[in-house]
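Below is one structure, written out as structure tokens; the observations come after it.
Just follow the structure's listing: the first ligand is 1, and inside any ligand the first atom is 1. Numbers for residues simply follow the sequence, beginning at 1.
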Amino acid sequence: MSFPWAKNYEPQQPLMKWLDAKLPLPRLVYNAIGAGYPVPRNLNYFWNFGVLAGAALAIQIITGIVLAMHYAANAGVAFNSVEHIMRDVNAGWFLRYAHMNGASMFFIVVYLHIFRGLYYGSYKAPREMVWLLGVVIFLLMMATAFMGYVLPWGQMSFWGAQVITGFFSAIPAVGDPIRVWLLGGFAPDNAALNRFFSLHYLLPFVIAGVIILHIWALHIPGSSNPTGIEVKDEQDTVPFHPYYTAKDGFGLGVFLMIFVALTFFSPNLLGHPDNYIPANPLSTPAHIVPEWYFWPFYAILRAFTFNFLWIDAKLWGVIAMFAAIALLFFLPWLDSSPVKSSNYRPLNRIFFWILVVDVFILGYCGKSPAEQPYVILSQLCAAYYFAHFLIILPIISRIERPLPMPNSITEAVLAKNADASSAPATA
Ligand code: HEM
């Protein structure tokens with residue numbers, strides 16, 4: 001940790017002294033999330049979502065491991081094994097619904113975490129590596145969720161796998177062999193189900209490993225904050241424990257209440273009813289849709305309806321969808337403004353909110369059938385998405401005149417408190 005005033009760990013009890021000498025685990029925890037980690041004193045609730053994402057991953061791993069004890073990864077019995085979990089296994093319905101809705105909660109908090117980063121410029125130096133590792137985590141999460149959705153072997157599982165792996169065949173010459181290699185056959189079947197299960201079990205642990213790197217990279221500069229001004233002295237910080245353990249604990253309570261309400265009262269709200277029909281390769285559903293968290297990307301994938309520059313529309317769709325995520329890797333260099341927080345960037349703030357609306361419209365189009373007006377709308381919104389990152393952001397980061405900024409985090413906090421205390425008292 002680079003803060004010179006960070007407290008040193010001094011074990012008190014003999015057992016802790018012994019452990020610290022042999023394996024300094026308590027020291028590691030103390031310096032990472034304890035009183036030895038100074039954090040800006042002005043973090044708002046948007047800084048809760050990293051910890052909540054970690055909690056969501058833990059819930060997914062625990063429920064997933066127990067589900068795997070009862071699930072059978074065989075195309076002949078997979079669907080029935082999930083029904084067996086729901087009906088016969090003790091609390092099996094709860095495990096399954098918690099895992100299903102846990103995936104949605106995971107994506108909700110990670111999307112909020114990403115958009116927090118976009119608004120407050122958390123991706124900028126000196127935290128570029130934190131952001132880059134975050135994008136890697138996001139890609140791994142998408143792969144894990146896609147493969148997980150195939151496992152119950154319902155209609156959407158099968159046809160989702162069919163459509164998504166089908167896009168690989170758009171790659172000229174090598175596309176078809178790649179698809180057959182990925183699936184282990186000419187269509188999703190037992191081989192595909194087995195490898196998807198194996199990877200779906202493995203990837204969350206890879207994600208956990210990348211999270212350790214993500215937090216390690218964060219601990220080098222320390223957290224940013226809503227002003228975007230870097231910490232200057234001890235006054236600007238408070239120890240992580242007890243201040244942010246309490247604040248994150250409160251956030252975790254709210255998160256769990258929403259999660260539990262969804263799991264117990266409306267467990268199928270975010271799912272698709274067709275996935276309660278066993279997979280049938282001979283009956284294509286009228287309308288194949290992925291899970292909600294993929295809708296914006298699915299809209300971009302389907303936005304190309306015409307061949308262009310001798311490249312097939314389908315291939316353009318695949319390129320655009322991967323590019324939509326890949327461009328996030330370049331974000332720290334696309335936005336050259338020295339000011340991080342959009343609180344002081346009036347133009348960036350406006351375009352940030354336009355981007356949010358754009359992504360929501362893309363999501364709506366991804367959920368809707370591939371017909372007008374959704375096709376034209378997804379084309380416009382996909383074009384805007386790319387324009388935002390590749391044209392608008394680089395331009396506004398050069399021409400924008402930021403608002404006056406406080407000199408330090410403490411000055412910003414004290415000014416806010418002074419405003420509050422000088423406000424007229426109400427009866
Ligand atoms: C499993 C997924 C993830 C976990 C568990 C996780 C965890 C965390 C934690 C604990 C923090 C510190 C607390 C906070 O700022 O909220 C953090 C910060 C950060 N994360 Fe993540 N993260 C995840 C995914 C991502 C993704 C997908 C991105 C971006 C694409 C990302 C970008 C960042 C950035 C830029 C920061 C620094 C924020 C700042 O200090 O301003 N993270 N993350």
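Other residues, nucleotides and ligands place more than 12 heavy atoms under 6.0 Å from the NZ atom of K232. Residue-environment remark: CH2 (W181) stays at or below the threshold of 12 foreign heavy atoms within 6.0 Å. Other residues, nucleotides and ligands contribute more than 12 heavy atoms inside 6.0 Å of the OH atom of Y111. In the displayed structure, M142 atom CE is contacted under 6.0 Å by more than 12 heavy atoms of other residues, nucleotides or ligands. Within 6.0 Å of the CZ atom in F94, the count of heavy atoms belonging to other residues, nucleotides or ligands does not exceed 12. Annotation for F360: atom CZ does not count as buried by contact number, only 12 or fewer foreign heavy atoms lying within 6.0 Å.
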message: Under the criterion side chain to side chain donor-acceptor pair (under 3.5 Å), I'd like the reasoning laid out for T227 against N225: C-alpha separation, chi angles, the key distance, then a yes or no.
response: CA-CA 6 Å; T227 64; N225 64 86; 2.5 Å; yes

Inset, instruction - Evaluate the criterion side chain to side chain donor-acceptor pair (under 3.5 Å) for residue pair S122 and W131; output intermediate values, then yes/no. - result: CA-CA 8 Å; S122 299; W131 174 262; over 6 Å; no

Report task. Apply the test side chain to side chain donor-acceptor pair (under 3.5 Å) to residues Q60 and T144: give CA-CA distance (whole Å), side-chain angles for both, the deciding distance (0.1 Å), then the verdict. Result -> CA-CA 11 Å; Q60 289 308 91; T144 310; over 6 Å; no

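Neighbouring protein atoms of atom 21 (Fe) of ligand 1 (N, O or S, distance under 2.8 Å, waters ignored): H113 NE2, H214 NE2.
Close approach of ligand 1 to G54 (heavy-atom distance below 4.0 Å) involves ligand atoms 5 (C). Atoms of ligand 1 lying under 4.0 Å from at least one heavy atom of S223, given by number and element, are 40 (O). Close contacts of ligand 1 with F138, meaning ligand atoms under 4.0 Å from a residue heavy atom, involve 27 (C). Atoms of ligand 1 lying under 4.0 Å from any heavy atom of V51, numbered from 1 in the order shown and given with element: 10 (C). Heavy-atom contacts of V135 reach the following atoms of ligand 1: 30 (C) (cutoff under 4.0 Å).
Within the structure, the closest approach of F106 to ligand 1 falls below 4.0 Å when heavy atoms are considered. In this structure, Y120 has no heavy atom closer than 4.0 Å to ligand 1.
Exactly one residue among Y293, F49, F146 makes a ring-ring contact (aromatic ring centres under 6.0 Å, His included) with F107. That residue is Y293.
Among protein heavy atoms, atom 40 (O) of ligand 1 sits closest to S224 N, 2.8 Å. In terms of protein heavy-atom proximity, atom 15 (O) of ligand 1 is closest to R116 NH1, 3.1 Å. In this structure, the protein non-hydrogen atom closest to atom 41 (O) of ligand 1 is S122 OG, 2.7 Å. The closest protein non-hydrogen atom to atom 14 (C) of ligand 1 is W47 O, 3.5 Å.
For atom 29 (C) of ligand 1, the nearest non-hydrogen atom from the set F46, F107, W131, F115 comes from W131.
Here the side chains of L270 and L262 are in contact, with some heavy-atom distance below 4.5 Å.
When only modelled atom types and interatomic distance are considered, N275 and S157 share a side-chain donor-acceptor pair under 3.5 Å.
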